[in-house]
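Below you'll find the structure, written out as structure tokens, and then a few comments.
Only heavy atoms go into these numbers, but all of them, side chains included; no hydrogens, no water, no symmetry mates.
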Amino acid sequence: MGVIMIDNPATHFNLKTHMNSQDLKTAIEKIPQRGGLSNVGRAISFVTKNFFSKANGNRSGAPNVVVVMVDGWPTDKVEEASRLARESGINIFFITIEGAVENEKQYVVEPNFANKAVCRTNGFYSLHVQSWFGLHKTLQPLVKRVCDTDRLACSKTCLNSADIGFVIDGSSSVGTGNFRTVLQFVTNISKEFEISDTDTRIGAVQYTYEQRLEFGFDKYSSKPDILNAIKRVGYWSGGTSTGAAINFALEQLFMKSKPNKRKLMILITDGRSYDDVRIPAMAAHLKGVITYAIGVAWAAQEELEVIATHPARDHSFFVDEFDNLYQYVPRVIQNICTEFNSQPRN
């Protein structure tokens with residue numbers, strides 16, 4: 001546990017300063033009241049940038065929770081700062097005390113500020129008391145909610161909550177050198193994610209006329225192991241049956257996806273498929289698999305758009321040559337995260 005003051009944000013003590021409850025209680029009792037403004041937005045930004053670091057005692061795997069207590073209303077805006085906090089995996093709880101009376105509401109900088117700040121707007125993250133004398137009543141409900149880790153929705157970010165299956169064209173037209181370039185592209189995307197058995201998991205399928213499971217989601221649970229596994233994938237060579245490969249990936253990879261994970265398929269191909277892709281692509285969409293189709297060189301644009309999740313402009317990419325694949329890594333990551341962060345907060 002750590003404490004941040006809101007007026008001029010600064011850390012009073014961090015997550016590893018006090019290691020037992022008595023020391024923590026003593027430290028809290030010594031915090032002086034400083035007065036000043038209710039700069040909630042600044043305080044949330046400070047926490048996002050400075051507080052939850054390994055140096056300050058943050059533990060991987062433990063949810064990051066911020067409890068904001070404010071009487072009246074914030075004197076600055078909280079919406080943008082809170083959005084960045086949510087995208088960083090921080091669960092914001094908001095306790096409002098008293099609040100603006102009718103003739104004070106004109107001074108409120110951002111109406112409905114609590115809903116703009118909290119992780120979800122379903123009431124789980126918000127508590128209100130009429131006066132400071134009633135603050136003790138929030139203790140048990142707050143502790144119960146903070147400890148309900150399954151409902152701490154903002155612990156999930158676009159980088160730590162997916163099962164990502166790469167479906168890689170290993171046909172003869174790719175060639176050995178270009179195949180290594182494709183694997184480097186797969187590596188560069190994988191590097192961006194937080195990988196473990198409880199965070200993002202990676203799997204890979206290679207295909208020609210036939211299909212081969214290179215490794216499933218449960219095979220490797222660390223980033224170094226995943227990157228080494230990608231490096232070891234051997235070039236197969238053969239024809240191009242993309243439709244059959246999508247079906248194979250659904251059966252061999254995504255059937256074993258965890259129910260609380262977003263399912264992402266990233267398919268890379270350099271040519272037109274010899275078989276039908278429409279029905280397998282539709283099956284993927286119906287199973288909730290978000291599909292990104294990346295075509296290189298001789299790939300057919302209209303086929304990529306059929307394979308890709310709607311809207312195709314956000315999920316299909318055409319690259320003129322293999323050596324330019326690396327340029328699309330930031331765009332793929334950005335689109336994955338934009339889609340994740342646009343989910344409703346209710």
Side-chain angles (χ1 to χ4, degrees), residues 150 153 155-171 182-183 185-187 189-190 192-223 225-230 232-234 236 238-269 273-294 303-310 312 314-316 332 335-336 339-340 343:
D150 288 339
S155 297
K156 297 177 182 177
T157 71
C158 61
L159 300 178
N160 70 8
S161 58
D163 279 343
I164 303 176
F166 290 96
V167 180
I168 305 166
D169 182 349
S171 60
V182 170
L183 293 185
F185 174 75
V186 172
T187 294
I189 288 180
S190 301
E192 297 294 321
F193 290 87
E194 298 170 32
I195 295 171
S196 77
D197 55 355
T198 57
D199 293 310
T200 289
R201 305 186 304 168
I202 305 286
V205 165
Q206 184 182 173
Y207 74 95
T208 58
Y209 282 131
E210 301 177 276
Q211 309 84 36
R212 182 167 74 197
L213 179 66
E214 299 293 352
F215 51 89
F217 293 134
D218 54 359
K219 180 74 172 177
Y220 304 108
S221 59
S222 74
K223 189 174 292 188
D225 286 347
I226 285 291
L227 300 184
N228 283 330
I230 295 167
R232 290 195 301 268
V233 172
W236 205 359
T240 309
S241 294
T242 304
I246 294 171
N247 280 332
F248 182 86
L250 293 177
E251 293 166 8
Q252 298 299 318
L253 271 180
F254 290 102
M255 281 289 284
K256 297 175 182 176
S257 185
K258 292 184 177 179
N260 63 339
K261 300 287 186 184
R262 291 165 71 234
K263 298 186 280 289
L264 304 179
M265 182 189 300
I266 300 177
L267 184 143
I268 307 125
T269 182
S273 179
Y274 294 160
D275 64 354
D276 174 65
V277 299
R278 290 181 181 275
I279 293 174
M282 188 179 297
H285 303 161
L286 290 173
K287 292 177 186 293
V289 178
I290 300 167
T291 306
Y292 289 82
I294 298 160
E303 200 168 80
L304 299 177
E305 292 175 359
V306 167
I307 294 168
T309 295
H310 180 80
D314 296 331
H315 298 88
S316 66
V332 172
N335 286 15
I336 287 171
E339 185 169 55
F340 177 87
Q343 295 176 110

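With sequence neighbours excluded, the residues satisfying side chain to side chain contact (heavy atoms under 4.5 Å, CB included) with Leu213 are Val205, Phe248, Leu253. Scanning for side chain to side chain contact (heavy atoms under 4.5 Å, CB included) contacts around Ser155 gives Pro63, Asn91, Leu152, with sequence neighbours left out. Looking at residues two or more places apart in sequence or on another chain, you find no side-chain hydrogen bond (donor to acceptor under 3.5 Å, both in side chains) involving Thr187. For Asp197, the side chain to side chain contact (heavy atoms under 4.5 Å, CB included) criterion is met by Ser221, not counting sequence neighbours. For Ser316, there are no side-chain hydrogen bond (donor to acceptor under 3.5 Å, both in side chains) partners, not counting sequence neighbours. In this view, Tyr207 satisfies the ring-ring contact (aromatic ring centres under 6.0 Å, His included) rule with no residue, not counting sequence neighbours. Scanning for ring-ring contact (aromatic ring centres under 6.0 Å, His included) contacts around Phe340 gives an empty result, with sequence neighbours left out. In this view, Tyr220 and Phe215 satisfy the ring-ring contact (aromatic ring centres under 6.0 Å, His included) rule, not counting sequence neighbours. Partners of Asp275 by side-chain hydrogen bond (donor to acceptor under 3.5 Å, both in side chains), not counting sequence neighbours, listed by chain and number: Ser273.
Residue pairs that meet the salt bridge (Lys or Arg N to Asp or Glu O under 4.0 Å) test with at least one member in residues 242-258, sequence neighbours left out, do not exist here. Note on residues 198-207: pairs passing salt bridge (Lys or Arg N to Asp or Glu O under 4.0 Å), not counting sequence neighbours, are Asp163-Arg201. Sequence neighbours left out, the pairs with a member in residues 210-221 that pass salt bridge (Lys or Arg N to Asp or Glu O under 4.0 Å) are Arg212-Glu214.
Lys261 approaches Thr198 most closely through the heavy-atom pair NZ-O, 2.7 Å. Tyr292 and Leu264 get closest at one heavy-atom pair: CE1-CD2, 4.4 Å. In terms of heavy-atom proximity, Thr200 sits nearest to Ile202 at CG2-CD1, 4.1 Å. Across all non-hydrogen atoms, the minimal contact from Ile195 to Ser222 is CG2-C, 3.9 Å. What you find for Met265 and Val167 is that their closest heavy atoms are CG-CG2, 3.7 Å.
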Exercise for the section: Take Thr242 and Asp169 through the test side-chain contact (heavy atoms from CB on, under 4.5 Å) and record every step on the way to the result. Expected result: CA-CA 8 Å; Thr242 304; Asp169 182 349; 5.6 Å; no

Handout entry: Full working for side-chain contact (heavy atoms from CB on, under 4.5 Å) between Val186 and Ile268
Key = CA-CA 9 Å; Val186 172; Ile268 307 125; 3.9 Å; yes

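Looking only at distances, no side-chain donor or acceptor of Asn160 sits under 3.5 Å from a matching main-chain atom of Glu194. Formation of a donor-acceptor pair under 3.5 Å by the Gln206 side chain with backbone atoms of Trp236 is found in this model. No donor-acceptor pair under 3.5 Å is formed between the side chain of Thr240 and the backbone N or O of Thr208. Judged by distance alone, the side chain of His285 and the main-chain N or O of Ile307 form a donor-acceptor pair under 3.5 Å. Here the side chain of Lys223 pairs a donor or acceptor atom with the backbone of Phe193 at under 3.5 angstrom.
To the nearest 0.5 Å, atom CD of residue Glu192 and atom CG of residue Leu159 are 7.5 Å apart.
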